[in-house]
Amino acid sequence: MARRKRYPEVLYNVTFTSMADKGRCVGRDPEGKVVFAEGAAPGDIADVQIFKKRKGVLWGRPNHFHKKSDDRVEPFCAHFGVCGGCKWQHVDYAAQLQHKEQGVYDTIQRIGKVEVAEKQPILGGEKTTYYRNKLEFGCANRRWLTEEEVKDESISQMSEVVGFHRPGAYDKLIQIDHCYLQGDPSNAIRNGIRELAIEMDFPFFDMRERTGSLRQLMIRTSSLGQTMVLVAFYVDDKDAIQSFLTAVQAKLPEITSLFYCINSKVNEYLMDLEMQLFQGTPYIEEALGHIRCRIGPKSFFQTNTGQATRLFDIVAEFADLTGEENVYDLYTGIGSIGLYLAKKCRQIVGIEEIAAAIDDAKTNAELNNIENARFYAGDVKDILTDEFAEEHGTPDVLITDPPRAGMHPKVVQMLIQLAAPKLVYVSCNPATQARDLQLLDEIYRIEKMRPVDMFPHTSHVENVALLVKR
């Protein structure tokens with residue numbers, strides 16, 4: 001006997017009211033059932049085909065619209081709806097900002113249950129297309145087919161592709177002809193390398209059979225006109241690689257730094273691999289306001305350079321430095337925020353778990369003639385101790401910019417113990433920030449807060465909070 005579904009097949013007349021994570025929209029039917037759906041927009045009224053229920057929550061897709069939102073716009077990318085990279089192109093950007101701002105403050109209140117004295121408006125992106133300086137693409141010999149293409153038996157999935165993974169499809173890629181995320185010369189380089197590989201009959205990677213060679217492509221661009229390309233091969237065939245990259249170099253002279261690596265692993269993570277410089281400089285340079293940074297193939301660098309500079313300006317405004325302060329910069333990465341503020345304070349002390357990032361921070365300090373910054377590699381919860389504070393002095397201002405998981409409870413307790421007069425908390429995940437703010441509420445009040453949109457047309461949002469000791 002077939003197993004009976006425990007959820008309705010369709011919810012009728014769902015009214016969508018707000019944006020949610022991963023490009024979904026939240027709605028309720030007339031009976032109050034909550035559903036998360038892709039392809040909807042706040043203001044839509046639609047019937048929703050349900051495909052999953054988890055922990056009492058329904059997930060679905062609209063299959064009939066009774067009313068479409070006034071905030072809907074025509075997506076500008078031909079790959080929208082298939083690629084999954086820009087989930088909100090069908091929503092007007094002003095409306096995106098409104099919902100992101102409201103979502104941040106609702107999250108802080110709902111999870112953190114803390115008061116925010118001054119709620120500042122979200123800072124939208126000056127550029128809503130071509131704003132990324134780094135993209136990673138997959139290379140494969142199987143193409144993702146749309147539902148219409150699957151029905152046409154004359155269309156084969158076997159095709160040389162350079163593009164993105166379709167969510168949930170590990171072995172097939174979506175061929176990307178033009179991507180609006182990264183500016184010139186990114187599209188020309190990606191398409192040029194694909195065309196060259198096809199011309200040379202260079203084998204694309206087969207994810208199922210684990211054959212072929214051309215596997216991944218990373219492109220970094222700089223506002224200073226420099227471009228880095230990393231090509232990952234599955235097979236370490238030195239003669240074939242030499243021949244292929246020589247042809248790449250000749251066809252695409254705009255590449256100023258050309259690297260390659262061998263990825264014969266099951267996963268596609270590249271940062272644990274040895275990078276070989278084939279041609280050009282071993283780094284590119286980028287400007288973050290008044291700071292110049294060198295970026296290698298493994299560097300952890302802010303993906304949206306222009307908006308990162310504006311984010312750092314908010315941090316500087318909130319910190320309100322006079323030149324006399326001892327500043328701790330936790331989860332410092334390559335030291336970007338610390339170096340940005342270094343000339344406005346007496347000392348910067350940065351801590352970062354990833355040793356390679358600390359090496360970059362030290363290099364960039366030298367590049368910018370900054371002598372009052374000291375950087376340490378290690379987990380913040382292990383490095384930031386009473387002995388560390390005694391050696392480097394109690395912080396007057398503490399800046400923290402943790403990963404999405406937020407701060408470890410031991411770090412939060414240490415911050416309470418250090419009791420810096422000011423704490424600036426930068427977060428890429430308002431939910432974990434809210435949790436930490438609730439704990440810090442023991443000795444801090446939130447004086448002001450400002451969300452920042454680093455990634456237009458996605459659900460991601462940054463948030464900066466100024467905490468002042470009670």
For side-chain hydrogen bond (donor to acceptor under 3.5 Å, both in side chains), just list the numbers for T322 and E324, CA-CA rounded to whole Å, side-chain angles, deciding distance to a tenth of an Å, and then say yes or no.
CA-CA 6 Å; T322 66; E324 300 300 320; 5.8 Å; no
Mark yes or no for whether [X], through its side chain, and [Y], through its backbone, hold a donor-acceptor pair below 3.5 Å.
{"X": "Q96", "Y": "W88", "result": "yes"}
{"X": "E254", "Y": "P185", "result": "no"}
{"X": "E353", "Y": "D379", "result": "no"}
{"X": "N372", "Y": "A342", "result": "yes"}
{"X": "S459", "Y": "D21", "result": "no"}

Heavy-atom pair of closest approach, residues [X] and [Y]:
{"X": "C83", "Y": "F164", "result": "SG-CD1, 3.5 Å"}
{"X": "G289", "Y": "Y340", "result": "CA-CE1, 4.1 Å"}
{"X": "Y444", "Y": "A420", "result": "OH-O, 2.7 Å"}

Side-chain contact test, heavy atoms from C-beta onward, threshold under 4.5 Å: evaluate it for [X] versus [Y] and give yes or no.
{"X": "S257", "Y": "Y283", "value": "no"}
{"X": "M407", "Y": "Y425", "value": "yes"}
{"X": "K87", "Y": "T458", "value": "no"}

Would N463 and Q433 count as a side-chain hydrogen bond (donor to acceptor under 3.5 Å, both in side chains) here? Give the steps.
CA-CA 9 Å; N463 191 42; Q433 183 186 36; 2.9 Å; yes
Would you call the rings of F76 and H457 parallel, tilted or perpendicular, taking 30° and 60° as the class edges?
perpendicular
In residues 115-128, what donor-acceptor pairs under 3.5 Å come from side-chain atoms, sequence neighbours left out?
residue	atom	partner	partner atom	Å
E118	OE2	Q120	NE2	2.9
K127	NZ	Y130	O	3.2

Does F36 have R24 sitting over its ring (NZ/CZ under 6.0 Å from centre, angle to axis within 45°)?
no
Flag for Q438-R435: side-chain donor and acceptor within less than 3.5 Å
no
Can a side-chain donor-acceptor contact be found between S18 and Q102 if the only test is distance below 3.5 angstrom?
no
Does N187 form a side-chain hydrogen bond (donor to acceptor under 3.5 Å, both in side chains) with R190? I'd like the steps, not just the answer.
CA-CA 5 Å; N187 283 300; R190 183 189 64 257; 2.7 Å; yes
